Amino acid sequence: MLSPDTHPTEPSHNRVPDVTLDFWLIKLMAVTMGETAADYLAVNLGLGLTVTSLIMTAVLAAALVLQFAQKRYVPWAYWLAVVLISVVGTLVTDNLVDNFGARLQTTAIAFSVALAATFAVWYASERTLSIHTIFTTRREIFYWLAILFTFSLGTAAGDLVAETFELGYLSTGLLFGGTIALIALAYYLLDLDGILAFWLAYILTRPLGASFGDLLSQPVEYGGLGFGTIFTSLMFLGCIIALVLYMTLRETADEAEEILLESD
């Protein structure tokens, strides 16, 4: 779904996954867990935003070192980095709002500018924003920097609509879900550029997942269903692990098939 039209032409391994249905499923679960896990670590464990942010940034840095070392797409390494960058992206926005007093409108605009600047420098350097051609370390750096800003922007946008505009978690989730559906229709029916469609959908899945994560985890008196951050985080973590195992087995089977075809 929403796969960019550009395809790799170099004999190198792409370092990020193909855009498939299970890609979007696990991405949505990762961003949902990122929201609830960040709340659990900062609030329920009593570490506070600053300490939690420092710890999770260090863990993310270690995960990215593992990811960059692979030089190809390895499901467990890639999705571990996505889950952790989702948590850190949430914490970045929360720190700006709660610790530094920035308004959600301001953070949303700031991260939009930062993301646009990342795309501009990326394109000027590489002449493409396609995720099908992440062959080099430089392209991968641009990719993960863009991912971080999409998560922070999505957090700010979701909170802005749900809390500041008082739309509520369910209505906010439905709003962003409907917008993603319109992007999909524009891609399939109106020939919307594949790269643009992908990145728009990628940004919007963040507030979509965060809204439903808050809906499930927040207390009833705050508009949620009251399942709590622990249960909600563990539920989505279990789904993510199951999907990563499935992806790993499929990747192994595909590699084995390629080896057999080459040997013939």
Side-chain angles (χ1 to χ4, degrees), residues 1-2 16-17 19-43 56 60 78-94 97 104 107-108 111-112 115 144 146-165 167-184 197-218 222-244 247:
M1 175 183 174
L2 302 181
V16 301
V19 183
T20 58
L21 178 59
D22 49 14
F23 170 90
W24 290 112
L25 285 174
I26 194 170
K27 199 271 182 177
L28 185 59
M29 292 178 185
V31 298
T32 304
M33 182 189 164
E35 177 74 15
T36 58
D39 290 343
Y40 171 73
L41 292 170
V43 179
M56 294 310 299
L60 170 61
Y78 175 86
W79 289 109
L80 174 63
V82 169
V83 170
L84 290 172
I85 208 168
S86 176
V87 174
V88 171
T90 300
L91 291 170
V92 168
T93 299
D94 289 347
V97 174
L104 285 169
T107 57
F111 286 124
S112 296
L115 181 59
W144 287 108
I147 297 301
L148 175 62
F149 287 139
T150 64
F151 283 138
S152 296
L153 170 58
T155 299
D159 289 347
L160 178 65
V161 174
E163 298 173 10
T164 304
F165 296 162
L167 211 61
Y169 300 126
L170 178 59
S171 297
T172 299
L174 293 174
L175 173 64
F176 284 109
T179 305
I180 293 171
L182 291 176
I183 293 171
F198 170 81
W199 284 112
L200 287 175
Y202 201 98
I203 292 168
L204 293 174
T205 51
R206 176 65 178 114
L208 172 63
S211 298
F212 283 110
D214 284 335
L215 176 66
L216 291 170
S217 63
Q218 293 301 311
Y222 294 122
L225 297 177
F227 290 113
T229 54
I230 298 176
F231 174 81
T232 305
S233 298
L234 290 176
M235 177 178 66
F236 283 103
L237 177 60
C239 294
I240 290 169
I241 291 173
L243 276 171
V244 169
M247 289 177 173

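Scope of the values below: all heavy atoms of this structure, side chains included, with no hydrogens, waters or symmetry mates. Keep in mind that this is a model prediction, so the values were computed, not measured.
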Item to complete: Please report the closest heavy-atom contact between Val88 and Met56, naming both atoms and the distance.
Response: CG2-O, 3.6 Å

Discussion item. Tell me if a side-chain donor or acceptor on Thr36 pairs with a main-chain N or O of Met33 at a distance below 3.5 Å.
Written reply: yes

Practice prompt. To the nearest 0.5 angstrom, please state how far the OH atom of Tyr169 sits from the CG atom of Asp214.
Written response: 4.5 Å

Fill in: Smallest separation among heavy atoms of Ala157 and Phe176, with atom names
O-CZ, 4.1 Å

Discussion item. To the nearest 0.5 Å, what is the distance between CG on Leu243 and CZ on Phe23?
Written reply: 12.5 Å

Worksheet item: Within the side chain of Ser86, is there an N or O that forms a donor-acceptor pair under 3.5 Å with the backbone of Val82?
Response: no

Response to the item:
Separation between CG (Leu25) and OG1 (Thr20), nearest 0.5 Å, reads 8.5 Å

Item to complete: Would you check if the side chain of Thr107 reaches a backbone N or O of Leu104 as a donor-acceptor pair within less than 3.5 Å?
Response: yes

Item to complete: Return the minimal non-hydrogen interatomic distance between Lys27 and Tyr202, and the atom names on each side.
Response: NZ-O, 2.8 Å

Worksheet item: Is the shortest heavy-atom distance from the side chain of Trp24 to the side chain of Ile180 under 4.5 Å?
Response: no

Discussion item. For the OG1 atom of Thr93 and the CG atom of Leu153, what is their distance to the nearest 0.5 Å?
Written reply: 8.0 Å

Fill in: Any donor-acceptor pair under 3.5 Å from Thr172 side chain to Leu167 backbone
no

Fill in: Heavy-atom check, side chain of Trp79 versus side chain of Pro17, under 4.5 Å
yes

Discussion item. Measuring from atom OH of Tyr78 to atom CH2 of Trp144, what distance do you get when rounded to the nearest 0.5 angstrom?
Written reply: 5.0 Å

Practice prompt. Of all the heavy-atom pairs spanning Ser152 and Gly89, show the shortest one and how long it is.
Written response: OG-O, 3.2 Å

Worksheet, complete the sentence: Rounded to the nearest 0.5 angstrom, the CE-CG distance for Met235 and Leu216 is 5.0 Å

Worksheet item: side-chain contact (heavy atoms from CB on, under 4.5 Å) with Phe165: which of Asp159, Leu160, Leu175?
Response: Leu160

Practice prompt. Work out which heavy atom in Ile85 is nearest to a heavy atom in Leu60; give both atom names and the distance.
Written response: N-CD1, 3.7 Å

Worksheet, complete the sentence: All heavy atoms of Phe212 vs all of Leu174, minimum pair found to be CZ-N, 4.3 Å

Practice prompt. Indicate yes or no: at least one non-hydrogen side-chain atom of Thr155 is less than 4.5 angstrom from one of Phe111.
Written response: no

Item to complete: Would you confirm whether Thr150, through its side chain, and Ile203, through its main-chain N or O, come within 3.5 Å as a donor-acceptor pair?
Response: no

